[in-house]
Amino acid sequence: MSRSTTDGTAAGDAGAAGGPRPTGSRSRRNFAGARPVMDDVARLAGVSKQTVSRVLNDNPAVRPETREAVRAAMRTLGYRPSRSARSLASGRTRMLGVISFDAARYGPASTLTAINTAAQDAGYLVSSIALDTADRDTVVQAVDRLSAEGADGIIAIAPQRPVATALAAARPDTPLVMLDNGLGDGTPVVSSDFRAGARLATEHLLGLGHSTVWHIAGPTGWTSADRRAASWRDTLTGAGAPVHEPLVGDWSADSGYALGRRLVDRPDVTAVFVSNDQMALGLLRALHEAGRSVPDDVSVVGYDDIPEAAHLLPPLTTIRTDYSEIGTRSLRLLLTQLDDTADTEEPPAESEQVVPVELIVRRSTGPAPH
């Protein structure tokens with residue numbers, strides 16, 4: 001489990017609109033030379049200790065000028081509030097849990113980074129648990145562990161349907177946000193527009209004059225892979241193009257290479273849509289070794305727009321997914337739930353947010369060969 005600690009400095013009420021008074025050598029130490037405490041902040045800002053506490057707990061009754069005066073005093077003194085003290089005052093730990101699966105892959109890793117950054121900006125730390133398997137017992141243990149640690153809420157990166165099924169069985173009492181798969185009970189969900197991405201990729205290749213588009217799919221059971229494959233198939237059918245059975249990989253470049261070797265000797269293969277960029281990288285190698293030029297002989301579209309995609313030979317046309325936006329939105333939805341539960345006992349309204357994708361055209365696609 002990885003943790004990231006955050007500086008939870010927050011907001012504030014009464015007096016000291018002009019900011020803290022000059023302190024000279026008192027900065028970052030109180031008069032006794034010890035680390036500054038809340039009383040020091042109150043004296044420097046010219047407010048009561050209770051006002052400082054209200055600022056730390058984001059009390060909306062605090063006037064903006066007072067809030068800024070207290071914050072300025074904290075900066076001057078180098079004051080860092082005690083997380084345990086804030087927890088006692090607010091009834092929260094200001095710790096959020098994240099359950100992820102296959103966290104080493106680009107998508108989940110990028111999403112987790114965005115969640116950590118957004119949580120830090122909001123004054124929360126994150127405790128994350130990476131799962132190796134999607135079985136019910138493992139998911140239940142992860143939920144129990146985060147609950148025991150006092151997580152105020154949980155974000156679950158659930159790329160496989162069994163993960164969502166297991167979470168439904170282990171439904172935590174704390175607010176929850178799901179990524180990719182919902183629970184069917186109104187729990188907020190954030191996902192990428194997988195179907196639109198596959199449609200954009202397939203239509204791009206058909207628009208270049210290719211008679212059909214072959215597909216190297218991600219593993220069956222992954223929501224992203226299944227939805228992309230379904231949309232690819234629907235797009236071809238709608239265009240009256242032949243539909244060949246997809247070749248199923250495991251997201252790795254090795255699997256893209258192995259499956260690519262099964263396609264390189266077929267002259268009717270002129271366009272391939274690959275369900276992620278890593279597998280597309282393996283396909284490019286297989287085509288290169290077979291002497292088939294990209295894009296003169298075969299056009300290739302990947303998915304994700306990994307940082308290396310623009311530097312491949314040739315640069316890879318791909319579908320860009322904004323994983324940073326996915327992580328930020330999921331954190332925002334969770335914090336909204338926390339705010340709602342603080343004010344009312346009513347459950348939050350059902351909310352599903354789909355993050356748009358974008359076709360990035362580079363030099364791995366071109367007109368169909370004559």
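In what follows, every heavy atom counts, from backbone to side chain, and hydrogens, waters and symmetry copies are set aside. Here the structure is a predicted model, which means the values were calculated and not measured.
- Nearest heavy atom pair, residue D297 against residue P369, reads O-CG, 3.8 Å.
- The shortest non-hydrogen separation linking A119 to V126 is CB-CG2, 3.5 Å.
- The CD atom of E203 sits 8.0 Å away from the OG atom of S231 when rounded to the nearest 0.5 Å.
- With a 4.5 Å cut-off on side-chain heavy atoms, E325 and P356 do not count as touching.
- In this structure, L283 and L259 have side chains that are not in contact, with every pair of non-hydrogen atoms separated by 4.5 Å or more.
- Counting only heavy atoms from C-beta outward, the side chains of S128 and L112 approach each other to under 4.5 Å.
- Using a 4.5 Å cut-off on side-chain heavy atoms (C-beta onward), Q141 and R145 make no contact.
- Formation of a donor-acceptor pair under 3.5 Å by the R94 side chain with backbone atoms of G123 is found in this model.
- Here the side chains of F101 and D180 are not in contact, with every heavy-atom distance at 4.5 Å or above.
- Residue D132 places its CG atom among 12 or fewer non-hydrogen atoms of other residues, nucleotides or ligands, all under 6.0 Å distant.
- Ring centroids of F194 and Y303 are separated by 6.0 Å or more, keeping the two rings apart.
- Between T187 atom OG1 and I154 atom CD1 the span is 11.5 Å, to the nearest 0.5 Å.
- The backbone N or O of L96 sits nowhere less than 3.5 Å from a side-chain atom of D152 that would complete a donor-acceptor pair.
- For the residue pair A130 and A103, the shortest heavy atom distance occurs at CB-CB, 4.1 Å.
- A side-chain donor-acceptor contact under 3.5 Å links S255 to the backbone of D250.
- Between Y323 and Y106, the angle of the ring planes goes over 60°, which puts this pair in the perpendicular group of the 30/60° scheme.
- Under the 3.5 Å distance criterion, the side-chain polar atoms of H244 are left unmatched by any main-chain donor or acceptor of W214.
- The hydrophobic clustering, which links ILVMFWY residues whose side-chain heavy atoms are closer than 4.5 Å, places L200 and V243 together.
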Exercise for review: Go through the steps for D305 and R362 under the test salt bridge (charged side-chain N to carboxylate O under 4.0 Å, His left out), then give the verdict.
Suggested key: CA-CA 11 Å; D305 194 26; R362 298 194 178 102; 3.1 Å; yes
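- One distance of note links CZ of R71 with OG1 of T66; it measures 12.0 Å at 0.5 Å rounding.
- Considering all non-hydrogen atoms of both residues, R136 and A166 come closest at CA-CB, 3.6 Å.
- Atom CE of M279 is separated from atom CG of D304 by 9.5 Å, given to the nearest 0.5 angstrom.
- The shortest heavy-atom contact between P188 and L333 is CB-CD1, 4.0 Å.
- A donor-acceptor distance shorter than 3.5 angstrom exists from the side chain of N181 to the backbone of A158, with no hydrogens or angles considered.
- Using a 4.5 Å heavy-atom threshold, the side chains of E289 and R261 count as touching.
- A salt bridge does not link D322 to R329: none of the charged nitrogens lies less than 4.0 Å from a carboxylate oxygen.
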Exercise for review: Quick one: do V300 and L287 satisfy side chain to side chain contact (heavy atoms under 4.5 Å, CB included)? Show the steps, please.
Suggested key: CA-CA 10 Å; V300 177; L287 291 168; 3.9 Å; yes
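- Under a hydrophobic clustering in which Ile, Leu, Val, Met, Phe, Trp and Tyr are joined whenever their side-chain heavy atoms come within less than 4.5 Å, directly or via other members, L206 and V357 fall into the same cluster.
- Proximity of a side-chain donor or acceptor of S364 to a complementary backbone N or O of T317 within less than 3.5 Å is detected.
- Both V139 and M178 belong to a common hydrophobic cluster when Ile, Leu, Val, Met, Phe, Trp and Tyr are linked at side-chain heavy-atom distances under 4.5 angstrom.
- Placement of V294 and Y257 in two distinct hydrophobic clusters is found when ILVMFWY residues are connected by side-chain heavy-atom separations under 4.5 Å, directly or transitively.
- Considering only heavy atoms from C-beta on, I157 stays 4.5 Å or farther from V163 through its side chain.
- A280 approaches V274 most closely through the heavy-atom pair N-CG1, 3.5 Å.
- Of the possible polar contacts, one joining the W232 side chain to the V213 backbone as a donor-acceptor pair under 3.5 Å is found.
- Summarising the geometry, atom CG belonging to L312 is positioned 11.0 Å from atom CZ belonging to R363; distances are rounded to the nearest 0.5 Å.
- Summarising the geometry, atom CD1 belonging to I115 is positioned 10.5 Å from atom OG belonging to S324; distances are rounded to the nearest 0.5 Å.
- Without hydrogens or angle criteria, S299 side chain to G366 main chain gives a donor-acceptor distance under 3.5 Å.
- The pair R63-E68 fails the salt-bridge criterion, with no side-chain N (NZ, NE, NH1 or NH2) lying under 4.0 Å from an Asp/Glu carboxylate O.
- Judged by distance alone, the side chain of D226 and the main-chain N or O of T223 form no donor-acceptor pair under 3.5 Å.
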Exercise for review: Let me see the working for L359 and I319 under side chain to side chain contact (heavy atoms under 4.5 Å, CB included), right down to the final yes or no.
Suggested key: CA-CA 5 Å; L359 173 67; I319 301 297; 3.7 Å; yes
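- In R105, the CZ atom is crowded: over 12 heavy atoms of neighbouring residues, nucleotides or ligands sit closer than 6.0 Å.
- Clustering ILVMFWY residues whenever any of their side-chain heavy atoms sit less than 4.5 angstrom apart, transitively, puts L334 in the very cluster that holds V355.
- Of the possible polar contacts, one joining the D277 side chain to the I306 backbone as a donor-acceptor pair under 3.5 Å is found.
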